[in-house]
Student: 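Quick one: the structure is below, questions incoming.
Just so it is clear, the structure is predicted and the values come from calculations on it, not from any experiment.
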Amino acid sequence: MNAPSRRPRVRFAPSPTGFLHVGGARTALFNWLYARKVGGDFLLRIEDTDRQRSTDESTRAIFDGMAWLGLDWQEDVVFQGANLPRHQRDGQRLLETGAAYRDFTPQSEIERLRAEAEKAGGAFKFDRRTAELSEAETAEKLAAGEPFAIRFKVPDGTTEWNDLVHGRIAFPNKDIEDFVVLRSDNTPVYNMAVVSDDIAMDITLVMRGDDHISNTPKQILLYRALGANVPEFAHVPMIHGTDGKKLSKRHGATAVGDYQHQGLLPGAMLNFLVLLGWSTGDDTEVMTLPELIDRFDTAGLQKKAAVFDTVKLEWMNGQHMIAMPLDQLAPHVMPLFVAAGLATAEELNARQEWFYGLLDILRSRARRLDEIVGLAAHFFRDTVEFDADAVAKQWRDPAATAAILGATRDRLAELPSWDTAAMEAGLRALADELGIAGGKIFQPLRVALTGLTVSPGIFDVLLYVGRERSLTRLDAAIAYLR
RNA sequence: GGCGGUAUCGUCUAGGGGACUAGGACACAGCCCUCUCAAGGCUGGAACACGGGUUCGAAUCCCGUUACCGCUACCA
C-alpha cells in the first residue's frame with residue numbers, strides 16, 4: 001500500500017516505434033485526466049531501449065500528437081535509454097540481495113529446450129535447478145569470463161493486486177518462470193527497465209493497456225525485491241477495429257496525426273476517445289475538456305475492449321463544431337482556407353465578422369473542418385459553375401426560369417437594405433405577385449447563386465455572397481439560360 | 001497447450017438482486033420543422049453468449065461451457 005501522503009504521479013510511456021496510435025493517445029488521455037483531476041503530475045517517458053525499432057522521427061510524431069491533443073506533461077521528458085546505468089545497478093542489486101541469480105546457460109541451449117518443449121505440445125518454463133552451480137563452479141566460470149544472464153528468483157506464493165478497473169487479480173507464482181532481468185550483455189529487459197524507472201519517477205499509479213496484465217505480477221515482485229512502494233495499477237481495455245480484431249493499419253487511420261489531417265478537432269478526438277472505455281455513469285456524451293477533467297473518475301473505466309467507430313467520431317466532431325464559440329473554431333479552420341487558396345489569413349482577419357458569420361451558417365452542415373471549406377468555396381469565388389444535375393433539376397424550363405430569375409434580380413436590386421428580413425419580404429411578395437410558391441423562386445435562385453441544389457438558407461446565401469456579386473451571378477445565370 | 005482477462009442492441013454504453021415492459025448515444029427507417037441540405041424535435045426496429053446453481057426474485061451473485069483478446073522471449 002502506498003503512503004497516502006504521496007503526491008499522485010502517473011506517466012505515459014510509449015515506445016517511439018511508429019506514430020502516436022489512437023490507443024496510446026487514449027491511455028495518455030486517461031492518465032492526463034487523472035492527474036488533472038486529482039492534482040497530481042503527468043509525466044512522459046519515451047521507451048527507446050529498442051535501438052533497432054526506435055526512431056527520432058517517431059519520437060517527434062509522439063510529441064506532435066500530444067501537442068495537437070493538448071496533452072502536456074510536467075517535468076522533462078524521460079528517455080529510458082538514458083537510464084541504462086541505473087537499470088543495471090538495480091539488476092545488480094537484485095543479485096547482491098539474493099533476489100536473483102546468475103544463469104550461465106547458453107542462450108542457444110534455452111532456445112533448443114524451448115523448441116523441444118513446444119514440439120512436444122507443452123510449454124517451456126525455465127527450470128531453476130539447471131542453473132544451480134556450486135560456489136566453486138560459479139567462481140570458475142566467472143574467472144573464465146563466461147557470459148551469464150541474471151534471472152529473478154520468483155518466490156513461492158501468490159502475487160496479487162487490486163486493479164482499479166478489474167478488482168482483484170491473482171497469479172500463482174508457480175506459473176511465473178524465473179525471468180531474465182539483465183541479459184548476458186548486461187542490458188535490462190523490459191520489465192526491469194520499467195520498474196526501475198517507475199520507482200525513480202515515483203509513480204503512484206500505473207495506468208496502461210490491459211495487454212500488460214501478465215507483466216504486472218513480475219513487476220510487483222521486482223518492486224518488492226527492490227524494497228520500493230508498489231504503485232496502484234489500472235489496466236484499461238484495448239481498442240479494436242470494426243472486425244473485433246486489434247486496431248491496426250488494415251482498419252484505416254490509426255495514428256492521431258491522420259485524424260488531425262482529416263479535419264478533426266482535437267477536442268472532439270479527445271471526447272470520442274475518452275468514451276471508448278469510460279463513461280460518466282449518466283447519459284452525458286458531448287463534453288469540453290474542462291468538463292472531462294471535472295467528471296473523470298477511474299470508477300467509470302470499462303473492462304471490455306471497444307471498437308473504434310469513425311462514424312461516431314465524425315458525429316462527435318460535428319457536435320463540437322456546432323457547440324464551440326466561433327472565435328475558438330476559427331483558428332482551426334483558417335489554415336485550411338489558406339491552404340485551399342481561397343483567401344489569405346490577412347484577408348480573413350480583415351473581414352472577421354463576415355468570416356465568422358459564414359462559418360456559423362456552414363458549420364451545422366459539416367462534420368469535418370475540411371467540409372466547411374468545401375461548402376464555403378463558392379462564397380470566395382467570382383464566378384460559379386452550374387452543376388449539370390442542378391441545372392437539369394431546377395432549371396427544366398430555361399425560358400420560364402430566366403423570366404423568374406430576371407424578376408428576382410430586379411426585386412433584389414431594388415431592396416432598400418441588404419438584410420435577410422428585407423430579402424425575404426421582397427421575394428415572398430414577388431412570389432405572391434407571380435402566383436407561385438416561394439420555392440419556385442428560391443430553388444432556381446439557389447442554383448444561380450451557388451451552382452448547386454444544396455446550400456444554407458437562401459437569404460443567408462444572398463447575404464454572404466453579397467449584393468453586388470449576387471446580382472452578377474444572376475446576370476450570368478440568365479445569360480446562360482438564353 | 002498453460003496462465004490471465006473479457007462477455008448487455010450492428011457499434012459506444014447505463015445498470016451492480018426487486019424501480020427492467022432493460023435506459024441513452026451513434027448508425028438505420030419513418031414523421032415533424034422547412035426554400036434545398038444539414039442541424040434540431042418526435043416515433044420505430046434492434047441486446048442481457050449458453051447451461052447449471054443460489055434466492056421468494058438474477059442482466060446483476062456463484063460454477064461450468066463457449067467465443068474473443070492478451071501474455072507465455074536474454075522483444076517492448
Student: Any residue in residues 266-276 of chain A with a heavy atom nearer than 4.0 angstrom to RNA chain B? Just list them by number, or reply none.
Tutor: A:L275, A:L276
Student: Any chance the side chains of A:D48 and A:S54 put a donor and an acceptor closer than 3.5 Å?
Tutor: no
Student: Which parts of residues 444-453 of chain A get close to RNA chain B, meaning a heavy atom less than 4.0 angstrom away?
Tutor: A:R446, A:T453
Student: Ignoring backbone atoms, establish whether A:R114 has a side-chain N or O less than 4.0 Å from OP1 or OP2 of B:A73.
Tutor: yes
Student: Would you tell me if any nitrogen or oxygen in the side chain of A:R51 comes within less than 4.0 Å of OP1 or OP2 on B:A76?
Tutor: no
Student: Would you indicate, yes or no, if B:U8 has its OP1 or OP2 atom less than 4.0 angstrom from a side-chain nitrogen or oxygen of A:K304?
Tutor: yes
Student: Using whole Å, report how far CD of A:E285 lies from P of B:U13.
Tutor: 10 Å
Student: Does B:G45 have a Watson-Crick or wobble mate here (both distances under 3.5 Å), and if so which one?
Tutor: none
Student: What is the pairing partner of B:U11, taking Watson-Crick or G-U wobble pairs with both distances under 3.5 Å in any strand?
Tutor: B:A25
Student: Counting side-chain heavy atoms from C-beta on, which of B:G23, B:C69, B:U36 comes nearest to A:S455?
Tutor: B:U36
Student: Is the distance from OP1 or OP2 of B:U6 to the nearest side-chain N or O of A:H166 less than 4.0 Å?
Tutor: yes
Student: Of the nucleotides B:C26, B:C3, B:C37, which has the atom closest to the A:F171 side chain?
Tutor: B:C3
Student: Side-chain N or O of A:R363 less than 4.0 angstrom from OP1 or OP2 on B:A39?
Tutor: no
Student: For B:A39 and A:Q319 - does any side-chain N or O of the residue sit under 4.0 Å from the phosphate oxygens OP1/OP2?
Tutor: no
Student: For B:A14, does OP1 or OP2 lie under 4.0 Å from any side-chain N or O of A:S279?
Tutor: yes
